[in-house]
Amino acid sequence: MNKQTIIDVVTKLESPSMADIICKETKLDWESSSGFRVWNETGDEYLDLTAGSGVHNVGHNHPEVLTAIIQQLQSISHTGWQFPTRSRANLLEKLSNLVPFEQPQFLFTVTGSEAVEGALKVARMAKRRPAILSFQGGFHGKTGGSLTVTANPKLRAGVSSHAADTIRLPFPDDDALRVHGFKVPSVEEYLEWIKRFIIHPDFPIDQVAGIIVEPVQGSSGMTAAPPNFLKALRQLTDENDMLLILDEIYTGMGRTGRLFGFQHDNITPDIIIMGKALGGGLPISLVAAPSSIMQQVPAYKQTSTFSAHPVACAAGVKVLEILIQESLPQNALERGEQFRSRLEALNGEFLENSGVHLVVTGRGLMLGVRIEANTPANSERLARQLNEHLKEQYVICLLGGTFNNVIKITPPLTLTSSDVDMICNRFALAIGKMITQESTLNY
């Protein structure tokens, strides 16, 4: 089966929900992978800056992870959540030493959306209140419950209502507001505004269980929370008897330069949601909280057939060991700064006096290259051109952001300094082609 046949089969037999993006945008099949390299069926080698949507933090097919998976498969491949295994207990013990709770407990789930829904259940049952505050630009999943705290209304249209018990707040650094000329407020200014908002008699503060937030918003364009923003939210939730819920599904497992994104602000949240990279390529997610909170969840309230899957748990134990032994969070921080310096320098090399500007967003190796032209439409068009030229240079990125004008960079955390230099050299070639393709760049 050749490349076109694979894509043709997917396009014909899968729902447009995923097939449309595959046949119109990514247009690339994967046959094998190792580290941060992938090969298609014809043997072309690509540099993967997606890590499978932020999953392969320790790299594709890490040999130690593969060994752990194979050994577990040879013992027990599946039990159902009712029957625990040694790999499950090992993962619980490993995680209990890494989360900032004195007496942690965990709730196993399978997908990120399911973990978010589990966290919302935990918060609502712990506080006996229905409402959750979330943020514009936030993304927490596409299933029914998680959609209520996901910001994008297009994802809810026709499949889910905007629940009355979810209230969305503006995120301090938001590209959707920036294009209209609004300046980014300081954390102090933002906190003052929020306090005015929630003390109003019309605001149902006594119905709010907690606030859910991402340390870096992936969907909005790798938008990092400003320094001390999470600390301000911690203060706000403490003052108003609310829980602070950190969605670390994307940002966790070292991606931002610390094991968890909230550690940059040196805070302790009430609930932590984990997933993606924890399974080393296998689906696993969970919710962590102090036992005083988790004990409010009664028996049978949140279960699913494949939660705490023994093979995924075995992979998770090994992923955590590799992240710590190889100091991959620190490497993510250093390589992220290298990316930022090299990519920002491309403005002076290629785009001076063009009316187009590159802005590097994010933190660690959860970065975005935002293309800013004179209009959102031109910004998106140029970003799509750049992404296609990157593919011609055998570099795989995903496009995102509020206006689809952000090239997302979320590679494995194992990149070396020379790897980053090679990638940035290919970025330079792609930008040069983008400029050549444009008859005029005077936006």
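Note on residues 42-54: pairs passing salt bridge (Lys or Arg N to Asp or Glu O under 4.0 Å), not counting sequence neighbours, are Arg37-Glu45. The list of side-chain hydrogen bond (donor to acceptor under 3.5 Å, both in side chains) pairs with a residue in residues 75-86, not counting sequence neighbours, reads Thr85-Ser87.
For Ala383 against Ile407, the heavy-atom pair with the smallest separation is O-CD1, 3.5 Å. The shortest heavy-atom contact between Gly54 and Tyr250 is CA-CE2, 3.8 Å. Here the closest non-hydrogen pair linking Gly137 and Ser219 is O-CB, 4.3 Å. The shortest heavy-atom contact between Met294 and Ala288 is CE-C, 4.2 Å. The heavy-atom pair separating Val58 from His62 by the smallest distance is O-CD2, 3.4 Å. Here the closest heavy-atom approach between residue Cys23 and residue Thr11 is recorded as CB-OG1, 3.4 Å.
Checked against salt bridge (Lys or Arg N to Asp or Glu O under 4.0 Å), Glu334 has no partners two or more places apart in sequence or in another chain. Under the rule for a side chain to side chain donor-acceptor pair (under 3.5 Å), Glu31 has no partner lying at least two apart in sequence or in another chain. Under the side chain to side chain donor-acceptor pair (under 3.5 Å) criterion, Glu337 pairs with no residue at all, not counting sequence neighbours. Looking at residues two or more places apart in sequence or on another chain, you find a side chain to side chain contact (heavy atoms under 4.5 Å, CB included) between Ala19 and Val10, Glu14. In this structure Lys231 satisfies the salt bridge (Lys or Arg N to Asp or Glu O under 4.0 Å) test with no other residue, sequence neighbours excluded. Ser417 is linked by a side chain to side chain contact (heavy atoms under 4.5 Å, CB included) to Arg335, Gln338, Asp421, counting only residues two or more places apart in sequence or in another chain. Qualifying side chain to side chain donor-acceptor pair (under 3.5 Å) partners for Glu392, counting only residues two or more places apart in sequence or in other chains: His389. Take Asn228 and apply the side chain to side chain donor-acceptor pair (under 3.5 Å) test, not counting sequence neighbours, and it matches no residue. A search for ring-ring contact (aromatic ring centres under 6.0 Å, His included) contacts involving Phe106 returns nothing, not counting sequence neighbours. Residues passing the salt bridge (Lys or Arg N to Asp or Glu O under 4.0 Å) test with Lys24, sequence neighbours excluded: Asp20.
Ser33 OG to Asn40 CG: the interatomic distance, rounded to the nearest 0.5 Å, is 12.5 Å. Between the CG atom in Leu382 and the CG atom in Asn378 there is a gap of 6.0 Å [rounded to 0.5 Å]. Interatomic distance, OG of Ser304 versus CD of Glu117, reported as 11.0 Å (0.5 Å rounding).
Using a 4.5 Å heavy-atom cutoff, the side chains of His357 and Asn347 are in contact. Annotation: side chain of Phe339 is in contact with side chain of Leu415 (closest heavy-atom distance under 4.5 Å). Within the 4.5 Å cutoff, the side chain of Pro329 has no heavy atoms near those of the Arg258 side chain. Looking at Thr50 and Val55, their side chains never come closer than 4.5 Å, going by heavy atoms from C-beta outward. At a threshold of 4.5 Å between non-hydrogen side-chain atoms, the residues Val287 and Ile272 do not count as touching. With contacts defined as side-chain heavy-atom distances shorter than 4.5 Å, the pair Met422/Phe427 does not qualify. Contact check for Gln302 versus Glu114: side-chain heavy atoms found under the 4.5 Å cut-off. Side chains of Asn331 and Thr414 form no contact here, defined as non-hydrogen atoms less than 4.5 Å apart.
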- With side chain to side chain contact (heavy atoms under 4.5 Å, CB included) as the test, would you mind laying out the steps for Phe101 and Ser96 before giving the verdict? CA-CA 8 Å; Phe101 310 130; Ser96 70; over 6 Å; no
- Message: As a quick check of understanding, evaluate side chain to side chain contact (heavy atoms under 4.5 Å, CB included) for Val356 and Ile371, giving each step before the final call.
- Response: CA-CA 7 Å; Val356 177; Ile371 311 299; 4.0 Å; yes
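Checked options Lys27, Lys433, Arg381; the residue passing with Glu388 is Lys27 (criterion: salt bridge (Lys or Arg N to Asp or Glu O under 4.0 Å)). Of the options Gln263, His264, Arg363, a side-chain hydrogen bond (donor to acceptor under 3.5 Å, both in side chains) to Thr256 is made by His264 and by none of the others.
Sparse packing is recorded around CG of Asn266, with 12 or fewer heavy atoms of other residues, nucleotides or ligands lying under 6.0 Å away.
Between Phe229 and Phe171, the distance separating the two ring centers is shorter than 6.0 angstrom. Between Trp30 and His60, the ring center distance clears the sub-6.0 Å criterion.
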